[in-house]
Amino acid sequence: MYTIPGHHHVSMLTKTATVNNHFYQHVLGLRRVKKTVNQDNPTMYHLFYGDLTGSAGTELSFFEMPIVGRTVRGTNAITQIGLLVSSYESLVYWKARLDQFNVENSGITTYAGRDTIHFEDPDGLRLILLNHNGEEIPEFWSAWGDSPVEEQHRVLGLGSVEITVRYLDRLANLLKDTFGYAEVSRSENEAIYQSVAGKAYGEIVIKRLEGPNERNGKGSVHHLAIRVNNDEELRYWDEAVKKRGFESTGIVDRFYFKSLYFRESNGILFEIATDGPGFTADSSVEDLGKPLDLPPFLEERRAEIEAKLTPID
């Protein structure tokens with residue numbers, strides 16, 4: 001049986017790409033590693049931020065939707081995204097940096113057993129900086145040298161992802177029984193699971209909440225993607241998802257990776273995505289994120305697509 005080696009990326013909705021771009025590059029210090037479009041609706045930007053090359057497990061991605069309204073928070077949604085930093089001293093640094101940029105934040109508190117700072121991006125997306133305590137990270141994660149954030153305090157990659165659902169057991173059993181996640185803790189209204197035991201970069205925090213479903217808007221999370229190493233493993237998980245009784249999209253070639261999508265029984269959308277070929281498939285490392293990159297099947301429509309997009313920088 002294959003295992004899940006951690007998160008791959010998380011995808012969100014943003015109202016204004018220019019505002020989003022400034023916040024994630026110049027405030028959080030992530031690298032924009034790909035400026036492309038939504039392959040299913042190429043009238044909208046799809047922006048990716050991460051480490052030097054946008055390694056799997058470091059990626060935050062955003063679909064720009066200028067007409068999107070506000071999020072109405074509720075249950076059956078991905079509700080918080082964790083970002084790992086090296087140390088408690090890093091949190092002290094980040095508290096000062098967030099204050100400098102007038103980003104309202106919680107100050108240093110705790111979450112899922114770690115020192116943390118809660119804050120929101122300009123769209124209201126809930127983010128958490130988590131003290132990783134100098135623990136091991138995937139060896140292929142590579143820091144971006146031109147980040148405006150001091151080297152020892154840069155965001156390392158994705159940490160705990162919080163999912164709030166009406167039926168906790170349904171999601172917990174899927175993670176444990178189908179995908180082999182290890183149970184870290186469990187109570188009536190909260191459970192923590194890790195795809196790699198002891199590692200925050202594959203951690204999912206499930207919270208139980210009654211009430212109406214969240215209504216998507218700016219700052220809401222579209223889906224969580226989890227990692228697989230290659231096409232063979234992706235085919236394996238496609239069959240496993242179907243065997244569990246869920247409807248899979250089947251394998252989709254996104255050019256930068258291959259993936260499949262399915263909704264679990266609370267309605268949470270998951271993607272399962274391969275590590276490669278990665279964002280250097282059509283770009284040098286030096287040029288990542290600078291031009292508008294299009295997958296080959298959209299290249300012939302470049303003029304039409306560019307005419308409908310507002311320049312970001």
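Here the structure is a predicted model, which is why all the values come from computation and not from measurement.
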Before accepting this row, confirm whether a basic side-chain N of the pair [X]/[Y] lies closer than 4.0 Å to the acidic partner's carboxylate O.
X: E135; Y: K199; answer: no
X: E188; Y: R208; answer: no
X: D121; Y: K218; answer: no
X: R235; Y: E239; answer: no
X: D282; Y: K34; answer: yes
X: R114; Y: E203; answer: no
X: D146; Y: R31; answer: no

Residue of the set I192, I268, N266, L175 for which side-chain contact (heavy atoms from CB on, under 4.5 Å) holds with I206: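 Testing each of I192, I268, N266, L175 against I206, the sole residue satisfying side-chain contact (heavy atoms from CB on, under 4.5 Å) is L175.
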If the test is side-chain contact (heavy atoms from CB on, under 4.5 Å), which one of T14, L28, L125, L30 qualifies with F23?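 Output: one option passes, namely L28.
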Fit a plane to each ring of [X] and [Y], take the angle between them on a 0 to 90° scale, and name the class: parallel (under 30°), tilted (30 to 60°) or perpendicular (over 60°).
X: H222; Y: F63; value: perpendicular
X: F279; Y: Y256; value: tilted
X: Y24; Y: F62; value: tilted
X: Y181; Y: F179; value: perpendicular

Indicate if [X] and [Y] have the same hydrophobic cluster label, given that clusters are the connected sets of ILVMFWY residues with side-chain heavy-atom separations under 4.5 angstrom.
X: Y93; Y: L91; answer: yes
X: V149; Y: V85; answer: yes
X: I272; Y: V161; answer: yes

Do you know which two heavy atoms are closest between [X] and [Y], and how far apart they sit?
X: P5; Y: Y201; answer: O-CE1, 3.7 Å
X: H223; Y: L269; answer: CB-O, 3.3 Å
X: V285; Y: T280; answer: CG2-CG2, 3.9 Å
X: R126; Y: T79; answer: NE-O, 3.3 Å

Any side-chain donor-acceptor pair under 3.5 Å between N229 and Y2?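 No pair is found: no donor N or O on one side chain lies under 3.5 Å from an acceptor on the other.
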[X] side chain to [Y] main-chain N or O, any donor-acceptor pair under 3.5 Å?
X: S284; Y: D287; value: yes
X: Q39; Y: R254; value: yes
X: D51; Y: S142; value: yes
X: T71; Y: G217; value: yes
X: W141; Y: A56; value: yes
X: T274; Y: G276; value: yes
X: T36; Y: D293; value: yes

Derivation of the side-chain contact (heavy atoms from CB on, under 4.5 Å) call for N131 and S90: CA-CA 8 Å; N131 177 10; S90 294; over 6 Å; no
Centroid-centroid distance, F257 to H9, less than 6.0 Å: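 Centroid separation for F257 and H9: below 6.0 Å.
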Over 12 foreign heavy atoms within 6.0 Å of [atom1], [X]:
X: K258; atom1: NZ; answer: no
X: R70; atom1: CZ; answer: no
X: Q100; atom1: CD; answer: yes

Verify side-chain contact (heavy atoms from CB on, under 4.5 Å) between K95 and I117, making sure each step is shown before the conclusion. CA-CA 7 Å; K95 166 61 177 165; I117 298 175; 4.0 Å; yes
Chi angles and distances behind the side-chain contact (heavy atoms from CB on, under 4.5 Å) call for K35, I312: CA-CA 9 Å; K35 181 172 66 172; I312 297 176; 3.9 Å; yes
Are L129 and V155 close enough, and set up right, to give a side-chain contact (heavy atoms from CB on, under 4.5 Å), and what steps lead you there? CA-CA 8 Å; L129 290 167; V155 171; 4.3 Å; yes
How would you list all residue pairs meeting salt bridge (Lys or Arg N to Asp or Glu O under 4.0 Å) that involve residues 169-182, not counting sequence neighbours?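 Sorted pair list: D169-R186.
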